Amino acid sequence: MSKENNFYITTTLAYTNSDPHLGFAAELIKADVIARWQSLAGKQVVFNTGTDEHGLKIFQQAKAAGLSPRAYCDYYAARFASLKKVLDLSFTNFIRTSDDYHEKAAQEFWRRCAENGDIYKKTYSVKYCVGCELEKTESELVDGRCPLHPNRELELIEEDNYFFRFSKYQQPLLDFYKNHPDFIIPSHRFTEIKNFVAAGLQDFSVSRLKSKMPNGVPVPGDDEQVMYVWFDALVNYISTLGWPNNEENFQAFWPAVQVCGKDNLRQQTAMWPAMLLSAGLPLSRQVLIFGFLTANGQKISKSLGNGVDLFTLVSQYGADALRYYLLTEIPPFEDGDFSEERLIQKYNADLANGLGNLVARVSNLLEKNNIITSLSTDNEAAARYLSKEENLASYQFSRTLQSIWQDITACNEELSARAPWKLTEREAIAAVLRPLAERILIIATRLQPFLPTTAKRLIAQFTQAQIIKGEVLFPRLDAKSKTV
RNA sequence: CGCGGGAUAGAGCAGUUGGCAGCUCGCCAGGCCCAUAACCUGGAGGUCGUCGGUUCGAAUCCGACUCCCGCAACCA
């Protein structure tokens, strides 16, 4: 297999301390559109996602539940894996960072960084709140005190941790950024990270004491330490390809297009590249930084669970409707607000009244007049067609969908203007309807990356010799069916 | 002067190199009747956050200001 014909995209891994939420669903769906698009355009695609199962929070929650971290994560890993069906995703790989092959890969990665002199031990002082019985990070503190126990002094605890020589890679990173102007999309995130790196980098800790927090990958050659959770987590992007054992597969697909939320900017575009440089591996191809989603104007909070439930939404409206809403109404790279009311509006206006009704009009007229068509799908032609979607190449999902919907409107206009129901000659009616059926088939072809189920159904329907009306595609919704 | 983003019709958003302010939903009025009370045509609705500048002309360029939102190092 030639490398040019391969495409690799990966999302971030979901942290398994709660159910999947809408923001992560949006990330998966956008990655899925890109993956499906590349695949339809003829590429061999690896699409990776999975779960991140190390770290303190999971350790504590597992302990509280009386389970091992792995057993505790089994439930959530299954929930996340089920998104493949629920959201109609095409991911090919689902990695769990507790998988054995991943842990071995993380250790090999660590060794390479260590061999390069980039990992060293240092005494590290952490702030500890006796009230919470927890270590606190600077960002958690208010005026240098624990916001939950402002009357207590924080204790300083010293412990030995391994550190990664991030500072060493400041200039190499800046050089890389300069030579790869499309490395980060959108460009303002690129500006942000360039400023951050240019301001100077501090080495960061990459391990924790096993005695305090055993839920991590053992540090090679040190029984007392485990890797800090995201050091091993980032390695999933290559361990999922079989690195370091399956060098052939790794070479065939790496580097990846990575997608992530804006909270991951530093890890994905500065720390991970520095780690790759240290390990002597090529850097990622591109990183897409998505915005955040709020729900009805409020922050989606995992812990409070005040987000709209993903599984309920899909059972109510279907995966394609949710996909359509998220792709058209939420700007891919900026923050957006999810509103169920808007979802219903879009569903009725575009899916039911627009696409669904057009399909019903044309198929009904074809059936009633016994008109035979002979349309077929030509995969190569479809691939050529899709590869020309320029807006998709720049990740402007809504623009491609807009252009598809312009076609739908145009078909509706044409149908109204030529009013075949007023004609009596069957051939005259057919002359109006056959080209419309063909246009619907093209619309279906173009819809494949976005609304896979709908597209499949339409293609099956419109490649029949005698096209029949069939079931309503998107039944109109009453505003009262809202679940919230 | 820490970094970055945003402010355009009731709502959600577009506005490439400055040239009569657009799209979708919603709303109103006609038409049509094949279709999922759907479709088609037309209409109402905006001093483009504020102030000042450059220009024949600024939502668009420059300056100042106001208000919102992220990030500010270990929150995967």
Side-chain angles (χ1 to χ4, degrees), chain A residues 12-17 51-58 97 124 126 135-140 161 163-164 166 186 188-196 198-206 208 228-234 236 260-268 270-271 291-292 294 299 302-303 328-331 333-337 339 341-342 344-346 348-369 396 398-399 402 405-406 409 411-423 429 432-433 469 471-477:
Chain A
T12 46
L13 298 189
Y15 199 61
T16 41
N17 64 343
T51 48
D52 179 2
E53 307 185 358
H54 292 132
L56 183 65
K57 280 183 189 167
I58 285 168
T97 58
Y124 172 58
V126 292
E135 292 173 9
K136 294 283 166 179
T137 61
E138 287 300 327
S139 56
E140 287 177 299
N161 281 156
F163 275 71
F164 176 76
F166 196 27
H188 66 261
R189 295 288 169 214
F190 208 164
T191 308
E192 197 172 333
I193 203 68
K194 281 181 198 162
N195 287 336
F196 168 71
L201 299 175
Q202 286 176 28
D203 297 349
F204 51 82
S205 70
V206 290
R208 289 290 183 271
Y228 186 59
V229 51
W230 55 256
F231 186 89
D232 90 84
L234 287 165
N236 94 83
C260 66
K262 63 182 182 182
D263 56 333
N264 270 258
L265 181 66
R266 286 182 188 177
Q267 289 90 325
Q268 306 280 334
M271 294 179 180
F292 275 175
T294 52
K299 196 171 173 177
K302 280 188 184 181
S303 47
T328 51
E329 281 294 286
I330 311 295
F333 298 107
E334 304 302 326
D335 292 353
D337 184 53
S339 137
E341 223 165 300
R342 291 284 299 161
I344 292 170
Q345 273 183 11
K346 282 300 265 187
N348 281 335
D350 295 355
L351 297 177
N353 301 350
L355 177 61
N357 187 49
L358 172 69
V359 168
R361 296 174 86 185
V362 173
S363 58
N364 179 59
L365 288 165
L366 284 166
E367 183 180 2
K368 269 185 19 188
N369 293 288
Q396 302 293 323
S398 65
R399 292 202 180 188
Q402 236 172 47
W405 254 260
Q406 277 168 9
T409 301
C411 285
N412 268 322
E413 286 170 16
E414 167 106 1
L415 197 54
S416 296
R418 300 186 64 179
W421 50 89
K422 286 184 177 166
L423 303 174
I429 297 170
V432 177
L433 295 178
K469 191 179 171 192
E471 281 195 24
V472 169
L473 198 53
F474 292 102
R476 242 186 102 81
L477 294 171

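Source: prediction; values computed, not measured. Excluded from the calculations below are hydrogen atoms, water molecules and symmetry mates; all remaining heavy atoms, backbone and side chain alike, are included. Protein chains get the first letters and strands the later ones, always in sequence-line order, with residue 1 at the start of each.
Where pairing requires Watson-Crick or G-U contacts shorter than 3.5 Å, the helical stems of RNA chain B with at least three consecutive pairs are B:2-7 with B:66-71, B:10-13 with B:22-25, B:27-31 with B:39-43, B:49-53 with B:61-65.
Shown here are the salt bridge (Lys or Arg N to Asp or Glu O under 4.0 Å) partners of Lys346(A), two or more places apart in sequence or in another chain: Glu329(A), Asp350(A). The salt bridge (Lys or Arg N to Asp or Glu O under 4.0 Å) check on Glu192(A) picks up Arg189(A), with sequence neighbours excluded. For Arg418(A), the salt bridge (Lys or Arg N to Asp or Glu O under 4.0 Å) partners at least two apart in sequence or on another chain are Glu414(A).
Atoms CG (Leu201(A)) and P (A72(B)) sit 15 Å apart, rounded to a whole Å.
Taking the ring axis of Phe190(A) as reference, the NZ or CZ atom of Lys194(A) stays within 45° of it and closer than 6.0 Å to the ring centre.
Here, G52(B) and C48(B) have their P atoms 13 Å apart, quoted to the whole Å. Nucleotides G49(B) and G42(B), compared at atom P, are 29 Å apart to the nearest Å.
Panel note: side chain Asn369(A), backbone Leu365(A); a donor-acceptor pair is recorded below 3.5 Å. Judged by distance alone, the side chain of Tyr228(A) and the main-chain N or O of Phe204(A) form no donor-acceptor pair under 3.5 Å.
Within the 4.0 angstrom heavy-atom criterion, base atoms lie near Asn264(A). Looking at heavy-atom distances under 4.0 Å, Gln267(A) makes contact with a base.
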Discussion item. Base contacts versus sugar-phosphate-only contacts with protein, heavy atoms under 4.0 Å: please encode nucleotides 29-41 of chain B as B, S and - from 5' to 3'.
Written reply: ----SBBB-SSSS

Item to complete: Classify every nucleotide of nucleotides 7-17 of chain B by which part a protein heavy atom approaches to under 4.0 Å, writing B for the base, S for the sugar-phosphate alone and - for neither, in 5'-to-3' order.
Response: -----S-SS--

